[in-house]
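Below is one structure, written out as structure tokens, with a few remarks after it.
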Protein chains: 2
Amino acid sequence: MTDINFSRGPTSPDSQGATSPAPRLGELRWDIIELLFFAYRDFVGDADHELEAFGFGRAHHRVMHFVYRYPGLKVADLLDVLRITKQSLGRVLKQLLDEGYIIQKTGNNDRRQRLLYATPKGEALVAKLAGLQTDRITRALRDINPEGVAAIGQFLRAMIDRDDPDKVLEAIFGTGSKKPRE
Amino acid sequence: MTDINFSRGPTSPDSQGATSPAPRLGELRWDIIELLFFAYRDFVGDADHELEAFGFGRAHHRVMHFVYRYPGLKVADLLDVLRITKQSLGRVLKQLLDEGYIIQKTGNNDRRQRLLYATPKGEALVAKLAGLQTDRITRALRDINPEGVAAIGQFLRAMIDRDDPDKVLEAIFGTGSKKPRE
DNA sequence: CAAGATATGTCAACATGACTGACATAAATT
DNA sequence: AATTTATGTCAGTCATGTTGACATATCTTG
């Protein structure tokens, strides 16, 4: 076994640390910061393992997820949501199209647009991954009462930037977004 | 403006979708899944912007964070926590050492070990980034009562895998970990 | 003590998923 | 007819992850 001998807190030994120059070393939410790190790591880990079997990565998952959830999403919308460049999106989207997980449909009003839809094959993949993640979430919520669950939802919503919301965020928050605080 | 015309839910148009082959399309926690995605994206985004000014990336942040928080962490511990290979860690660690954000100290009991400590320069960087993230967390928790805050902590803890916990997780959960469920 | 295991570091090659910049096409708008 | 917009694509680069091989110092064990 490796020894469990490290103590907690900033107690550097000889790191020239007698000057203590750091600002606000109390009142920081180290607890939540680290819990978010580990929780998210394991949360996405569920899907990562499954994706390997398909030869896909996280990028493919994100695309599939939002295309399935918001059918008819335009390429431009997807770029807003994922916050990546069209070159980056292009690669994974091309694979998903070629392998039949997503189909494109020319827009009715604007024939330049390519509206995206998940195929049954794509739906099955998304559902499988969401199932794994839902299992984890359900387990985590099991011993929490409805008020607690509501607080969790409120917290997560409040962690999200709402200036310049993309289409998906507008859907989540109910179009009349753009209300930061106060 | 781009039109806000996409409807919700899996209502594919002609994606050969009359067969509906997907398993369990109800009862999935799409809400929490998406909230976690956006919340984490914006949460790490705070630090990302600041890191650019230092010429660092997320990898550097993670290393700095855990070295500061758990002084005397060994290289092997860090590998466990971050779940990356020593070659990956080696690159960012070397930069942080060379630029004076971290120092190494030979282990007392075992002189093969290199115990890691943040320098004052490193502490300042970590504190700055944690400050940004704490601001977001504090804002998000502002209108939530103590019971709600407790529920949030409980939820995040329960989202984390506890089989084979690393040193940091043992510290967070209080060594007697290894209790999965029931 | 000699042999083997362990902790760390490093070289080289490669994959993924980001990025920038440039350019092409089709369709809508002016 | 000219311009703008939505999309696609080529080419190169960067950050960060991976494997595999190997070197060195130090600890542990027979």
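Residue numbers begin at 1 in each chain, while the letters A, B, ... track the order of the sequences.
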Just how far, in rounded Å, is [atom2] of [N] from [atom1] of [X]?
X: B/Arg91; N: C/dC11; atom1: CZ; atom2: C1'; result: 12 Å
X: A/Arg83; N: C/dC19; atom1: CZ; atom2: C1'; result: 16 Å
X: B/Gln113; N: D/dT28; atom1: CD; atom2: C1'; result: 14 Å
X: A/Leu93; N: C/dA18; atom1: CG; atom2: P; result: 13 Å
X: B/Lys167; N: C/dA7; atom1: NZ; atom2: P; result: 10 Å
X: A/Asp80; N: D/dA6; atom1: CG; atom2: C1'; result: 13 Å
X: A/Asp77; N: D/dT5; atom1: CG; atom2: P; result: 16 Å
X: B/Arg41; N: C/dA18; atom1: CZ; atom2: P; result: 13 Å

Item checked: Cation-pi check, B/Arg162 onto B/Phe173 ring (under 6.0 Å, within 45° of axis) ->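 B/Arg162 over B/Phe173 ring: yes.
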Notebook entry, point to check: Under 3.5 Å, is there a donor-acceptor pair linking the side chains of A/Glu50 and A/His61?
Noted result: no
Please enumerate all protein N or O atoms sitting under 3.5 Å from an N or O of nucleotides 26-30 of chain C, with distances to 0.1 Å.
unit_1 : atom_1 : unit_2   : atom_2 : d
C/dA27 : OP1    : A/Arg111 : NH2    : 3.3
C/dA28 : OP1    : A/Arg111 : N      : 3.0

Note to self: Assuming nearest nucleotide by heavy-atom distance, tell me which of A/Ala59 and B/Leu97 is located more 5' along DNA chain C.
What the structure shows: B/Leu97
Check: According to the ring pair (Phe, Tyr, Trp, His ring centres under 6.0 Å) rule, which pairs have a member within residues 130-149 of chain A, sequence neighbours left out?
Finding: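 Applying ring pair (Phe, Tyr, Trp, His ring centres under 6.0 Å) to every pair that reaches into residues 130-149 of chain A, excluding sequence neighbours, yields nothing.
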Next item on the list: Sequence neighbours left out, what pairs pass ring pair (Phe, Tyr, Trp, His ring centres under 6.0 Å) with at least one residue falling in residues 86-115 of chain B?
Entry: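 Matches after skipping sequence neighbours: B/Phe56-B/Tyr101.
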Next item on the list: Would you classify B/Gly57 as touching base, sugar-phosphate or nothing, given that sugar-phosphate means primed atoms plus P, OP1 and OP2, and contacts are heavy atoms under 4.0 Å?
Entry: sugar-phosphate
Notebook entry, point to check: At under 4.0 Å between heavy atoms, what does B/Gln104 touch on the DNA or RNA strands: base, sugar-phosphate, or nothing?
Noted result: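 Since only primed, P, OP1 and OP2 atoms lie under 4.0 Å of B/Gln104, the category is sugar-phosphate.
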Note to self: So if I take every side-chain heavy atom of B/Arg62 and compare against C/dT8, C/dG17, D/dT16, which nucleotide ends up nearest?
What the structure shows: D/dT16
Next item on the list: Output the single nucleotide from D/dT7, D/dT9, C/dA18 whose closest atom is nearest the side chain of A/Ala76.
Entry: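 Out of D/dT7, D/dT9, C/dA18, the nucleotide with an atom closest to A/Ala76's side chain is D/dT7.
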Notebook entry, point to check: Under a 4.5 Å cut-off applied to non-hydrogen side-chain atoms, are B/Leu36 and B/Met159 in contact?
Noted result: yes
Check: Do B/Gln104 and B/Tyr117 have side-chain heavy atoms sitting under 4.5 Å apart?
Finding: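 Not touching, per the 4.5 Å side-chain cut-off.
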Between the protein and nucleotides 19-22 of chain D, list every N/O to N/O distance that falls short of 3.5 Å.
unit_1 : atom_1 : unit_2  : atom_2 : d
D/dG20 : O6     : B/Gln87 : NE2    : 2.7

Next item on the list: Please name all residues satisfying side-chain contact (heavy atoms from CB on, under 4.5 Å) with A/Val92, sequence neighbours left out, ordered by chain then number.
Entry: A/Ala59, A/His60, A/Val63, A/Leu89
Can you give me every donor-acceptor pair (side chain of residues 145-154 of chain A, partner residue at least two apart or in another chain, under 3.5 Å) with its distance?
unit_1   : atom_1 : unit_2   : atom_2 : d
A/Asn145 : OD1    : A/Glu147 : N      : 3.3
A/Asn145 : OD1    : A/Gly148 : N      : 2.7

Notebook entry, point to check: Does A/Ser88 have a side-chain nitrogen or oxygen under 4.0 Å from the phosphate oxygens OP1 or OP2 of C/dG17?
Noted result: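 False: A/Ser88 side-chain N/O out of range (4.0 Å or more) of C/dG17 OP1/OP2.
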Notebook entry, point to check: Is the shortest distance from a Lys or Arg side-chain nitrogen in A/Asp42 or B/Arg83 to a carboxylate oxygen in the other one below 4.0 Å?
Noted result: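 So A/Asp42 pairs with B/Arg83 through a salt bridge.
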Checklist line | Residue whose closest nucleotide on DNA chain D lies nearer the 5' end, A/Leu115 versus B/Val92 | finding: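 This one resolves to A/Leu115.
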Item checked: Whether A/Thr134 side chain and B/Arg29 backbone form a donor-acceptor pair below 3.5 Å ->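 Side chain of A/Thr134 to backbone of B/Arg29: a pair is present.
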